[in-house]
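Per chain, numbering begins at 1; letters A, B, ... match sequence-line order.
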Amino acid sequence: MRGSELKQMGYPEGNTTTLALNLVGKACESGWDVDDVRDVLEKLVEEPGEYAEHEIFGELAEAIGERVLFRERDEPAPWKQWGSDLDPAAIGQLENACRLPVSVAGALMPDAHRGYGLPIGGVLATEGAVIPYAVGVDIACRMKMTVFDAPPSALEHDKEHLSKIIEDETRFGIGAYFDKPHDHEVMDRDWGVSPVTRRLKEKARYQLGSSGSGNHFAEWGVLTLADDALGVKKGQYLALLTHSGSRGVGASVANHYSKLAREWHPELPKELQHLAWLELDSELGQEYWAAMSLMGEYAAANHAVMHREIVEALGAEVVADVENHHNFAWKEEHDGREVVVHRKGATPAGKGVLGVIPGSMAEPGFVVRGKGEATSLESAAHGAGRVMSRRQAKREISWKDVQAELDASGVTLLSADLDEAPDVYKDIESVMSHQDDLVEIVARFDPKIVKMAPPGEPPED
DNA sequence: ATGTAC
């Protein structure tokens with residue numbers, strides 16, 4: 001008997017096949033007929049639970065018992081898209097995600113673009129499984145806004161002070177951390193839930209309250225409420241908006257479990273490997289879920305520390321705040337089924353749920369209230385969405401163009417790189433207009449003082 | 001998004 005025959009039956013290549021072949025040899029030595037072996041192997045891969053106590057093949061049943069193996073399904077899981085002119089690569093990625101046997105439904109948001117595994121702006125509901133790369137590398141990347149009992153005129157007459165507060169209280173760039181770590185009760189949680197979080201707990205402590213790189217930012221701006229909302233009267237307010245996530249530790253958790261998931265599902269065709277899942281009732285699945293949940297708390301604490309320090313430095317009263325994850329997985333009920341909803345660059349938009357959808361450094365962002373649209377899996381866009389790669393941006397955009405846009409919007413840029421220029425993003429107003437069935441706009445936020453990671457060092461190789 | 005390793 002050969003490995004190729006096992007593969008045809010649906011056995012994953014690698015360790016499982018090696019084990020199976022060893023056991024086949026053992027069976028034949030003890031006098032089994034080859035046809036009987038085949039018969040057992042065919043049934044075992046379908047119903048491993050039935051063979052857990054089998055005298056010879058019990059070990060094999062145990063090895064694959066927790067796995068739902070990839071089988072091409074007759075029909076892809078249903079999905080729907082919002083917005084026009086979506087990146088074909090992003091559409092292809094969502095189509096691929098809907099081929100998985102664990103997928104239940106999908107949705108593609110109007111800011112969608114190509115990601116790793118699931119596209120950014122992709123939403124995927126699965127049953128009994130979680131996909132590390134459908135959560136994303138920056139687990140629990142999120143938004144937080146604090147609204148102050150202060151007029152927006154502070155942005156003019158107190159500009160130097162506000163700028164200094166951001167410079168003093170944030171840390172930007174890959175690997176950024178504080179020399180003297182901040183305190184937060186999240187560090188009292190059980191960081192032993194995963195070998196990764198156990199190993200990196202001290203790194204997490206030093207990065208608490210930091211912003212990182214890429215599209216992360218901290219900005220002061222004007223929040224405009226056309227009506228009373230968020231517990232405050234209509235009008236204009238000074239507000240702080242931050243975008244950050246679970247930093248280096250979250251990235252390590254994501255990459256670690258995605259690699260293990262790929263090894264756990266070696267039967268996946270190449271184009272689906274980055275969508276490798278972990279069954280929720282498997283040991284690895286539970287470990288990832290616990291680590292992901294901790295990263296959710298950590299990312300929330302990250303923003304909480306940042307806002308706590310900035311509020312203290314400013315000394316103004318806080319009248320409202322809004323926050324939400326947009327890279328995470330939740331256990332939710334949809335269509336009467338308990339499913340895992342992955343939102344990778346998608347804002348939760350359940351009925352009445354508040355969230356923040358930022359634009360670019362020179363364009364407005366919005367506080368939104370979800371409408372609970374079932375076919376979007378109660379989700380909305382998480383931003384304007386990129387229209388060009390970082391490399392293309394650095395090639396095609398000049399600082400002169402950026403400065404003109406900043407001047408037109410009255411924005412002071414403390415630091416950023418060209419790959420976050422306003423022109424690398426879709427028009428946010430257009431994105432919002434494509435999702436008016438998903439969210440209603442509660443307030444508008446216009447950035448005025450913006451801080452992002454400064455240009456990085458060129459790669460050394 | 002992250003940051004130094006199959």
Side-chain angles (χ1 to χ4, degrees), chain A residues 14 90 93 111-122 131-144 170-178 194-197 199-218 242-260 262-263 266 274 288 291-292 294-296 298-300 302-303 306 325-329 342-346 358 360-361 382-386 388-391 393-394 415-420 424-425 451-461:
Chain A
Q93 287 184 316
D111 58 337
H113 54 101
R114 180 206 285 270
Y116 213 37
L118 198 69
I120 317 298
I131 304 172
Y133 271 178
V135 169
V137 174
D138 189 4
I139 299 174
C141 181
R142 68 203 311 271
M143 305 300 306
K144 182 175 172 72
T170 65
R171 291 292 183 274
F172 279 89
I174 291 175
Y177 63 92
F178 287 90
S194 146
V196 183
T197 51
R199 179 165 56 85
L200 298 176
K201 182 176 177 183
E202 284 311 299
K203 177 175 185 162
R205 188 193 305 282
Y206 280 85
Q207 291 196 320
L208 196 53
S210 66
S211 298
S213 64
N215 57 3
H216 290 178
F217 60 75
T242 56
H243 182 200
S244 184
S246 52
R247 308 289 287 99
V249 185
S252 294
V253 168
N255 290 326
H256 176 76
Y257 289 97
S258 184
K259 181 165 178 281
L260 290 177
R262 286 200 298 279
E263 290 169 1
H274 286 115
Y288 173 75
M292 179 198 78
L294 178 61
M295 289 302 96
Y298 176 70
N302 199 26
H303 284 262
M306 216 181 297
H325 291 327
H326 55 219
N327 279 15
F328 210 60
H342 306 73
R343 296 188 180 87
K344 182 183 187 180
S360 73
M361 59 172 75
H382 83 311
R386 293 188 77 88
M388 67 175 89
S389 69
R390 296 186 180 277
R391 182 195 285 247
K394 289 185 181 181
S415 67
D417 203 346
L418 273 176
D419 54 6
E420 286 296 328
V424 312
Y425 288 103
K451 172 85 184 171
M452 302 186 81
E457 300 293 318
E460 279 180 33
D461 54 349

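Side-chain atoms of A/Ser258 and A/Tyr116 form no donor-acceptor pair, as typed in the model, at a separation below 3.5 Å. Counted by atom type alone, A/Ser211 and A/His216 present zero donor-acceptor pairs between their side chains at under 3.5 Å.
Atom P of nucleotide B/dT4 and atom NZ of A/Lys203 are separated by 6 Å, given to the nearest angstrom. For the pair A/Phe172 CZ and B/dA1 P, the computed distance is 12 Å after rounding to whole Å. Atom pair A/Arg247:CZ and B/dA1:C1' shows a separation of 9 Å (rounding to whole Å applied). When the P atom of B/dT2 is taken as reference, atom OH of A/Tyr116 falls 17 Å away, rounded to whole Å. The nearest whole Å value for the distance from the CD1 atom in A/Ile120 to the C1' atom in B/dA1 is 10 Å. Between the P atom of B/dA1 and the CG atom of A/Asp419 lies a distance of 9 Å, rounded to the nearest Å. Rounded to whole angstrom, the span from the CZ atom of A/Arg199 across to the P atom of B/dT4 amounts to 10 Å. Rounded to an integer number of Å, the gap from A/Met452 CE to B/dT2 C1' is 15 Å.
Using bins of under 30°, 30° to 60° and over 60° for the plane-to-plane angle, the ring pair A/His326/A/His243 lands in the perpendicular bin.
Between A/Ala453 and A/Gly173, the closest heavy-atom pair is CB-N, 3.9 Å.
Contacts of A/Asn327 with the nucleic acid, taken as non-hydrogen atoms under 4.0 Å apart, are absent. Nucleic acid contact for A/Lys259: none, since no nucleic acid atom lies under 4.0 Å from a heavy atom of the residue.
Within the structure, a side-chain polar atom (N or O) of A/Ser213 is placed less than 4.0 Å from OP1 or OP2 of B/dT2.
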